[in-house]
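Read through the structure below, which is laid out as structure tokens, and then see the notes.
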2 protein chains.
Amino acid sequence: MAESESGTVDLEIIVQGTQEGKKQELRLWLRMLSTTKLISQEIRRRLRNEFGATLPQFDLMAQLYRERDGLRLGELSKRTMVTNGNVTGLVERLETDGLVLRETPDGDRRVTVAKLTKKGEELFTVMAAAHEGWLRDMMADVDPAIIVELWKDIGGVKSSVNNHLSGAAFD
Amino acid sequence: MAESESGTVDLEIIVQGTQEGKKQELRLWLRMLSTTKLISQEIRRRLRNEFGATLPQFDLMAQLYRERDGLRLGELSKRTMVTNGNVTGLVERLETDGLVLRETPDGDRRVTVAKLTKKGEELFTVMAAAHEGWLRDMMADVDPAIIVELWKDIGGVKSSVNNHLSGAAFD
DNA sequence: GAGCAATATTTCAAATGTCAAAGGTTTACG
DNA sequence: CGTAAACCTTTGACATTTGAAATATTGCTC
């Protein structure tokens with residue numbers, strides 16, 4: 001990081017400017033998208049082969065795992081970035097498998113809260129450990145310092161995107 | 001976690017090591033995933049509102065646009081990172097809308113080649129320009145140098161992942 | 001307390017996505 | 001030739017996804 005402060009003009013920037021200069025964002029986006037797809041597919045494959053689970057199910061369970069008191073479906077929807085209607089079906093299937101249960105709190109009958117069952121917790125614990133290992137494996141060739149830097153810089157991208165949405169959203 | 005090179009010990013690494021040290025990859029992955037989802041949703045929304053198109057359709061057309069002679073469905077499947085069966089339906093719908101056409105080459109009747117129609121080309125040209133602009137907007141707050149750096153470093157991640165897949169794939 | 005806006009979830013139709021199996025075609029080999 | 005292996009696409013069963021409309025419940029206002 002930190003090239004060319006004030007005063008001097010950096011050659012690299014000039015080169016970029018003349019070569020392309022405009023489509024850097026598009027190029028970055030395409031690479032982010034393909035890399036994310038690649039990793040997703042790999043995780044999906046392993047979740048399926050080793051646990052008979054799907055990635056959205058894993059994501060949903062991950063959210064419930066860190067909120068042992070359960071989450072309202074709307075909250076689940078926000079945290080998993082999945083639409084409401086989608087959460088309904090997802091939770092339904094997980095309930096069928098006995099991994100999640102639904103209950104309506106006394107105070108407000110509009111609300112449905114989903115929780116992990118004992119069985120769900122146990123399964124998730126195993127899956128989460130495997131999942132973390134898969135990611136370490138996949139990124140094994142990447143310098144740890146780069147990983148930290150990527151995390152920060154992608155955070156910057158995320159913030160920028162959040163500030164330029166047409167609809168409404170945040171982090 | 002294999003830190004510490006020879007001689008000097010970097011403070012930052014120590015801090016990382018004591019704080020977490022292990023889950024950096026997972027943390028990065030979660031951020032990549034959420035950021036990608038965020039951008040995807042925004043692009044999807046705008047494609048729908050402004051052009052009545054979907055993101056997978058746009059992706060598919062983008063591939064055909066840069067291969068004016070058309071692509072075999074298998075090639076389309078690889079480039080869009082979508083399964084064969086999915087490409088079939090995608091192309092079918094685009095054909096219904098008159099944006100894409102299918103033809104079987106003389107030499108090999110197993111093959112189906114998809115091409116953009118005139119109408120498809122014209123629509124894609126307009127969409128692509130808008131699409132690029134949206135990305136520039138969304139990433140407007142990110143330093144251009146960071147964008148280039150992210151592109152490179154994510155490339156490194158992609159390579160690493162490709163080298164550690166359980167199934168088979170490449171770039 | 002009747003009516004209505006705000007909340008929260010579900011339902012619905014259409015599209016996308018995976019995987020596995022089935023269908024044709026071509027190629028290679030004996 | 002004739003058959004088996006290899007190749008390419010489609011089909012089928014399910015799961016996920018979105019967006020919009022429908023339901024249900026609560027809370028507020030007059």
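FYI, side chains are in, hydrogens and waters are out, and symmetry mates aren't considered; it's all heavy atoms of this structure. Just so it is clear: chains get the letters A, B, ... in the order the sequence lines come, proteins before strands, and each one is counted from 1.
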Integer-rounded Å distance: D:dC14 C1' and A:E92 CD
14 Å
Can you tell me if the side-chain N/O atoms of B:R44 get under 4.0 Å from OP1 or OP2 in D:dT18?
no
Does A:Y65 have A:R68 sitting over its ring (NZ/CZ under 6.0 Å from centre, angle to axis within 45°)?
yes
Gap between atoms CD and C1', on B:E95 and D:dT10 respectively (whole Å):
14 Å
With a non-hydrogen cut-off below 4.0 angstrom, is B:L90 in contact with a base, only sugar-phosphate, or nothing?
sugar-phosphate
Below the 4.0 Å mark, does D:dA15 have OP1 or OP2 next to a side-chain nitrogen or oxygen of A:Q57?
no
Measure CG/B:N86 against P/D:dT9 and give the value in whole Å, please.
14 Å
Under-4.0 Å side-chain N/O to phosphate OP1/OP2 contact, B:R48 with D:dT18
no
Report the distance from atom CG of B:L76 to atom P of C:dG17, rounded to the nearest whole Å.
13 Å
Under 4.0 Å between any heavy atoms, over every strand shown, what does B:D108 touch: base, sugar-phosphate, or nothing? Just pick one.
sugar-phosphate
Does A:R110 make a side-chain donor-acceptor contact with the base of C:dT7, cut-off 3.5 Å?
yes
I want to confirm an ordering. Mapping B:G89 and A:G89 to their closest nucleotides on DNA chain C, which one lands closer to the 5' end?
A:G89
Using atom types as modelled and distance alone, determine if a side-chain donor or acceptor of B:S34 lies under 3.5 Å from a backbone N or O of B:R31.
yes
Starting at CG of B:D106 and ending at P of C:dT25, how long is that distance when rounded to a whole Å?
15 Å
Give A:V87 one of three labels, base, sugar-phosphate or nothing, depending on what nucleic acid heavy atoms sit under 4.0 Å from its own.
nothing
With a 4.0 Å cut-off on heavy atoms, is B:T88 in touch with a base, just the backbone sugar-phosphate, or nothing at all?
base
How many Å lie between NZ on A:K78 and C1' on C:dT7, as a whole number?
11 Å
For the pair B:H164 and A:D141, evaluate side chain to side chain contact (heavy atoms under 4.5 Å, CB included) and give the outcome as yes or no after the intermediate values.
CA-CA 9 Å; B:H164 296 273; A:D141 301 347; 3.0 Å; yes
Taking the side chain of A:R72 as its heavy atoms from C-beta onward, which of D:dC8, C:dA8, C:dG17 lies nearest to it?
C:dA8
Is the closest basic N to carboxylate O distance between B:K119 and B:E122 below 4.0 Å?
no
Is there a side-chain contact between A:R109 and the phosphate of D:dG27, meaning an N or O under 4.0 Å from OP1 or OP2?
no
Base, sugar-phosphate, or nothing: which does B:T83 touch, judged by heavy atoms less than 4.0 Å apart?
base
Could you tell me how far apart B:L99 (CG) and C:dA15 (P) are, to the nearest whole angstrom?
13 Å
Test side-chain hydrogen bond (donor to acceptor under 3.5 Å, both in side chains) on A:Q24 and A:R27 and set out the steps.
CA-CA 5 Å; A:Q24 306 298 331; A:R27 193 175 65 151; 2.8 Å; yes
Measure the distance from CZ on B:R102 to C1' on D:dT9 and round it to the nearest whole Å.
10 Å
Please confirm whether the backbone N or O of A:L73 pairs with a side-chain atom of A:S77, one donor and one acceptor, at under 3.5 Å?
no
Find which nucleotide of DNA chain C each of B:G107 and A:G74 is nearest to by heavy atoms, and output the residue with the more 5' nucleotide.
A:G74
